[in-house]
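Have a look at the structure below, then the notes.
Note that the structure is predicted; figures quoted are calculated from it, not measured. All values below were derived from every heavy atom in this structure, side-chain atoms included, with hydrogens, water molecules and symmetry-related copies excluded. If you read the sequence from its start, that first residue is 1, and numbering goes on from there.
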Amino acid sequence: TVQLLQEEKPQPGFWTFGYYQSFFDVDTSQVLDRIKGSLLPRPGHNFVRHRLRNRPDLYVTVASITIYCYAWLVPLALWGFLRWRKGVRERMGLYTFLETVCVYGYSLFVFIPTVVLWLIPVPWLQWLFGALALALSAAGLVFTLWPVVREDTRLAAGVLLSVVVLLHALLAMGCKPLPPEPMASPHQATSQPPATMLPPTLPRPKRW
């Protein structure tokens, strides 16, 4: 009866939130297992059959699209802002758009080995690797942009570099895997037997 009810349950339309929610109905351990399978392919080990198991998700796809858009849209906005500030401060230099995109592309490279190191299921190590990657990547951007923005006002230069570092920190936080969900132990999963009730003790007969 339960199977018949599940089969008769109408599927939500693609314009509803419930339709897309099914593509994110996976836990952290499953996502990490699929990342391992994509990074370490083996002959005769089908990724779809052994990893997806008819439950595809969009976590990594959405993350990849986000990083791709970040690597193009943020440099475009930065280049446009610097070009506008160059008209205000004539002594300011200016990188070309391709140079700005290239700088961002190389600054994001450090996150590739970091994602691999994040497969180690140790939370404090994951935070350490993420902090090191963020520090190296953000420092490279700041040192590269400083010769261009140092001729601007202190306020404009400080706000610009702060926004660059903040966006990089948000990207790093978004890429960090979630902590694995705690698994219930077999003793906790099984129901505890009811406590046995001891029979009440009978009163001792009084001695006369």
[atom1]-[atom2] distance between [X] and [Y], expressed to the nearest 0.5 angstrom:
| X | Y | atom1 | atom2 | answer |
| --- | --- | --- | --- | --- |
| Leu160 | Leu78 | CG | CG | 5.5 Å |
| Leu161 | Arg150 | CG | CZ | 12.5 Å |
| Trp118 | Trp127 | CH2 | CH2 | 9.0 Å |
| Ile67 | Ile112 | CD1 | CD1 | 9.0 Å |
| Thr114 | Leu108 | OG1 | CG | 11.0 Å |

Does [X] belong to the same Ile/Leu/Val/Met/Phe/Trp/Tyr cluster as [Y], with side-chain heavy atoms less than 4.5 Å apart forming each link?
| X | Y | value |
| --- | --- | --- |
| Val74 | Leu136 | yes |
| Val115 | Leu128 | yes |
| Leu73 | Leu145 | no |
| Leu171 | Phe109 | no |
| Val165 | Phe81 | yes |

Check whether any side-chain heavy atom of [X] lies under 4.5 Å from a side-chain heavy atom of [Y], and answer yes or no.
| X | Y | result |
| --- | --- | --- |
| Leu94 | Glu99 | no |
| Leu82 | Trp79 | no |
| Ile120 | Phe129 | yes |
| Leu167 | Tyr70 | yes |
| Leu141 | Val103 | yes |
| Tyr104 | Val101 | no |

Can you give me the closest heavy-atom contact between [X] and [Y], atom names plus distance?
| X | Y | answer |
| --- | --- | --- |
| Gly158 | Ser162 | O-OG, 2.7 Å |
| Pro121 | Gln126 | CA-NE2, 4.1 Å |
| Ala156 | Arg85 | CB-NH2, 4.0 Å |
| Ser137 | Val110 | CB-CG1, 3.8 Å |

Taking atom OH as the centre, does Tyr106 end up with more than 12 heavy-atom neighbours from other residues, nucleotides or ligands that are less than 6.0 angstrom away?
no
Are Phe143 and Trp146 near enough that their ring centres are under 6.0 Å apart?
no
Whether Phe97 and Trp72 hold their rings parallel, tilted or perpendicular, with breakpoints at 30° and 60°:
tilted
